[in-house]
Amino acid sequence: MSSGVVSQLGYMGLAVRDVAAWERFAVDVLGLSVGARTPSGGFTLRLDSRAYRLFVEPGDMDDVSVMGWEHAGEAELGATVLALRAGGHDVVEAGPAEAADRGVRRLFRTLDPGGMPLDLYWGPAVAAEPFASALVPSGFVAEGQGLGHAVVNARSQEESLAFYTRLLGCRLSDFVRCEIHGHPVDIAFLHANERHHSVALAVGQKKRIHHFMVEVGSIDDVGRCMDRALRAGVRIMQTIGRHPNDGMISFYARTPSGFQFEVGCNGRRVDDATWQPTTHDRISEWGHHPPELVVRWPR
Ligand SMILES: [Fe+2]
């Protein structure tokens with residue numbers, strides 16, 4: 001069976017209970033900028049040359065509403081649609097009005113095996129103005145590497161892994177298999193371009209994602225973002241630390257919808273010509289401690 005060929009995680013949609021809280025969080029803590037207001041009462045968010053990378057709409061689910069997977073062109077999109085249909089998945093083409101609403105040339109929709117709605121498209125909208133953030137002087141690492149990454153809930157890691165690799169065309173980067181604070185961890189990390197992972201798969205998440213990550217250009221901008229989160233009363237979930245697989249130095253905190261976000265820098269780039277998938281026995285080289293554990297440490 002021929003495989004699809006996604007090129008990047010292009011965008012994510014969020015359906016949230018508190019739209020105003022999300023705007024304060026996204027703009028004042030993350031340092032993103034509002035691209036446009038939407039008729040539903042929501043807004044889009046920019047972090048690079050694209051017209052948007054996230055869109056936020058009012059909604060009771062308080063969760064990710066869709067993940068958008070980009071393709072380089074019509075032929076690549078066609079290959080993914082063909083592979084999915086050959087694999088027995090329902091794929092529906094959205095009408096021109098819906099595609100225009102997303103700002104893309106052509107749009108199909110499907111669900112991943114964990115139930116995540118996926119947009120499959122090519123031809124994203126590019127903003128008229130360049131992106132710059134006064135809060136993030138080093139900028140965001142995105143463009144051809146996509147929005148960042150998300151750890152997506154899976155009902156079965158094996159089933160989701162087969163879907164994302166054999167049908168969408170992602171490649172396995174590695175696994176992390178270990179135990180943290182008495183809980184088993186088993187996560188598969190997949191890349192669609194040189195970013196170490198655009199999606200990771202983990203069973204048993206309460207929401208559709210455990211977290212999403214945006215990458216900034218410097219460690220100072222990671223630290224400044226953590227300062228802004230602390231000042232804004234955003235709950236820090238993991239202190240600064242470094243992952244062994246993508247090498248990223250990052251911290252984790254809680255979004256207004258309960259799932260987490262990660263802001264990091266220095267993420268590893270993957271070269272498919274030489275990359276060998278491995279299994280790591282820890283999720284962090286150092287750091288990434290829950291603050292409630294840190295305050296119990298002896299003084
Ligand atoms: Fe992450």
Side-chain angles (χ1 to χ4, degrees), residues 8-12 14 25-26 29-30 32 47 53-54 63-64 67 69 114 116 140-142 145-154 157 160-161 164 170-178 180-181 183 185-217 219 221-223 225-226 229 234-255 257-270 277-291:
Q8 59 167 272
L9 175 58
Y11 58 78
M12 266 182 9
L14 308 169
F25 159 71
V29 177
L30 289 183
L32 311 182
L47 55 77
R53 286 293 192 175
L54 295 166
D63 208 340
V64 173
M67 289 177 75
W69 285 96
M116 173 72 85
F140 290 90
V141 180
Q145 296 184 56
L147 154 68
H149 71 232
V151 176
V152 173
N153 186 48
Q157 188 189 78
S160 285
L161 189 54
Y164 280 95
C170 292
R171 283 84 68 196
L172 179 66
S173 302
D174 41 44
F175 295 96
V176 170
R177 289 175 174 150
C178 61
I180 305 178
H181 311 303
H183 300 289
V185 169
D186 186 347
I187 308 173
F189 296 84
L190 311 175
H191 60 277
N193 50 57
E194 64 178 348
R195 187 187 292 288
H196 173 275
H197 58 281
S198 293
V199 62
L201 305 166
V203 299
Q205 305 306 314
K206 292 188 189 88
K207 299 253 174 174
R208 283 178 168 163
I209 62 169
H210 175 270
H211 70 270
F212 71 93
M213 186 281 311
V214 290
E215 182 173 355
V216 293
I219 185 67
D221 280 336
V222 176
C225 183
M226 198 168 87
V234 169
R235 184 168 164 194
I236 305 295
M237 304 302 288
Q238 295 181 37
T239 61
I240 283 188
R242 188 198 281 274
H243 291 301
N245 59 340
D246 66 358
M248 188 164 272
I249 300 177
S250 63
F251 75 97
Y252 290 71
R254 190 183 181 281
T255 69
S257 294
F259 54 82
Q260 298 181 30
F261 72 92
E262 177 184 15
V263 173
C265 67
N266 289 348
R268 185 163 287 143
R269 309 290 164 232
V270 167
T278 49
T279 298
H280 297 269
D281 65 357
R282 69 201 68 184
I283 198 148
S284 301
E285 295 286 7
W286 52 265
H288 289 146
H289 303 295

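Order of listing sets the numbers, starting from 1, for every ligand and every atom in it. Just so we're clear, the structure is a prediction, and the values are computed from it rather than from any experiment.
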How about His149: does one of its N, O or S atoms come closer than 2.8 Å to the Fe ion (ligand 1)?
yes

What N/O/S atom of Glu262 gets nearest to the Fe ion (ligand 1)?
OE1

Taking Gly148's backbone N and O only, do any of them form a donor-acceptor pair with Arg53's side chain (distance below 3.5 Å, no angle check)?
no

Taking atom types as modelled, find out whether Glu262 and His243 have a side-chain donor-acceptor pair closer than 3.5 angstrom.
yes

His211 N/O/S atom closer than 2.8 Å to the Fe ion (ligand 1)
yes

Using distance alone, with no hydrogens and no angle criterion, decide if Arg269 and Gln145 have a side-chain donor and acceptor under 3.5 Å apart.
yes

Residues His288, Ser250; criterion side-chain hydrogen bond (donor to acceptor under 3.5 Å, both in side chains); working and verdict:
CA-CA 8 Å; His288 289 146; Ser250 63; 2.9 Å; yes

